[in-house]
Colleague: 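One structure follows; several queries about it will come next.
Letters go in sequence order (proteins before strands), and every chain restarts at 1.
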Number of protein chains: 2
Amino acid sequence: MNGSTKDKLAWTAAKLFQERGYDGVGLSDILKSARVPKGSLYHHFRQGKSDLALAAAQFASREMLRIIDDAFLPAKTYKDGMTTLFFKCAKLFDLMGKWNGCPVSGILLNGAYNPMFRETSEHIFDSWIERVTAHATRLGLSENDAKERATHLFVVLQGGWDLARARQNSDELRRLPKLLSEGL
Amino acid sequence: MNGSTKDKLAWTAAKLFQERGYDGVGLSDILKSARVPKGSLYHHFRQGKSDLALAAAQFASREMLRIIDDAFLPAKTYKDGMTTLFFKCAKLFDLMGKWNGCPVSGILLNGAYNPMFRETSEHIFDSWIERVTAHATRLGLSENDAKERATHLFVVLQGGWDLARARQNSDELRRLPKLLSEGL
DNA sequence: ACATCTCTAGACCGATTGGTCTAGTCCTGT
DNA sequence: ACAGGACTAGACCAATCGGTCTAGAGATGT
């Protein structure tokens, strides 16, 4: 099968980059963990590590979009969907061993100064915000309100994730929906 | 002077780690940039790179505490101080070339899995929250309210900084005080 | 003047890095 | 059966990594 080895590489790379960042993971780590020889990596990803990182980020991004949909599709209100999303992320954080960073910032914002990495991470973040905005309008919010709230959601999720990581504790992540729904 | 070379190393390391993360910066980069030979580094920091990173993080942390005080000491209300802090951070972000990450997460959460790094970053974050909490109580908030708001402040600041970094634009950072003062 | 201590200076080390290259395996179409 | 492309396999490479070590410069106390 074509996709299998390539996907396994991207998936493994995503997992490791989230743990230790782009520069913190060597190709040998990825290859050992995925049990794939170096030749295969350079067959599927001609530019090597940087190509692999972009693919890994897209992989992680698609998973996040799936989580967003899972949270918002059954929701009756924006507040419900948003709260569910935070709880899902807190659970994911715990499952991942409480060490992982945000799927994309760990891969792309991290590590070497690389313009294409930065642009890709910008697009990915925007795609998440856009998806939440779409759910928000579907649930009755005005377009401007939806966009603002979606942006705030990711600001708070990102910051909450970092704090959870530093504390090795996802509790704060679960408390944050209150901030976003009630304000203070 | 004793402190001079040592401080120059810590300061240079802090700057570079914020740009490219712990694993993204080699000792040779730091030594070249600080114009200090390797022998001096290992004289002042016996454990080498990890020691240097801890010192650099403390350096960055002290600067952040100073910025917090600068924002809150002249403030008449918590809202004023908080807003000033965000604007100061936005300005700092622009001055730093719009690439740098959060001073501490770039250094400590990043890179190799290292328990002492994680603990140090937790303590540093907590010291920031504590400082803001102290300012908040001084400005009339109840103790519980102060602590909650201070925590939210850093969650939002952290997330906003990441978004600004991805977008290479500090505007969102300047819009966030509204979220924290008015809620939504 | 000399000994002593702090600090600078950089050559050097083994290990690991990302990347290249060739040989061989496997699958597919004819 | 066999030709040809897709893919695997890993030896090999120069460069760089973090870290060690020795030699000497500079300041200080006696």
Colleague: Considering only residues two or more places apart or on different chains, which pairs with a residue in residues 95-108 of chain B satisfy salt bridge (Lys or Arg N to Asp or Glu O under 4.0 Å)?
Modeller: none

Colleague: Hey, is B:Arg118 close enough to B:Glu122 for a salt bridge, meaning N to O under 4.0 Å?
Modeller: yes

Colleague: Give a yes/no on whether any side-chain N or O of B:His44 is located under 4.0 angstrom from OP1 or OP2 of C:dT8.
Modeller: yes

Colleague: Whole angstrom is fine here: how far is it from NE2 in A:His43 over to P in C:dC26?
Modeller: 16 Å

Colleague: Under 4.5 Å side-chain heavy-atom separation, chaining through any Ile, Leu, Val, Met, Phe, Trp or Tyr, what else clusters with B:Phe59? Say none if it is isolated.
Modeller: B:Trp11

Colleague: Return the angle between end axes of the helix from C:dA1-D:dT30 to C:dT30-D:dA1, with five pairs used per end and rounding to 10°.
Modeller: 0°

Colleague: Donor-acceptor pairs under 3.5 Å, side chain of residues 75-84 of chain A to any protein atom, not counting sequence neighbours: which ones?
Modeller:
from    : atom 1 : to       : atom 2 : distance (Å)
A:Thr77 : OG1    : A:Asp80  : N      : 3.1
A:Tyr78 : OH     : A:Arg149 : O      : 3.4
A:Thr83 : OG1    : A:Lys79  : O      : 2.7
A:Thr84 : OG1    : A:Asp80  : O      : 2.8

Colleague: I'd like to know if the side chain of B:Ser33 and the backbone of B:Asp29 have a donor-acceptor N/O pair within less than 3.5 Å.
Modeller: no

Colleague: Transitive ILVMFWY cluster of A:Phe87 at side-chain heavy atoms under 4.5 Å: who else is in it?
Modeller: none

Colleague: Identify the residue among A:Arg167, A:Arg174, A:Gln168 that makes a side-chain hydrogen bond (donor to acceptor under 3.5 Å, both in side chains) with A:Ser170.
Modeller: A:Arg174

Colleague: Would you call the rings of A:Phe154 and A:Trp128 parallel, tilted or perpendicular, where under 30° means parallel and over 60° means perpendicular?
Modeller: tilted

Colleague: Choose from D:dG10, D:dT20, C:dT20 the nucleotide whose nearest atom is closest to any side-chain atom of A:Tyr42.
Modeller: C:dT20

Colleague: Within the sub-3.5 Å range, which N or O atoms of nucleotides 11-17 of chain C have a protein N or O partner, and how far apart are they?
Modeller:
from   : atom 1 : to      : atom 2 : distance (Å)
C:dT17 : OP2    : A:Ser28 : OG     : 2.8

Colleague: Measuring to OP1 and OP2 of D:dT8, would you say a side-chain N or O of A:Thr5 lies under 4.0 angstrom away?
Modeller: yes

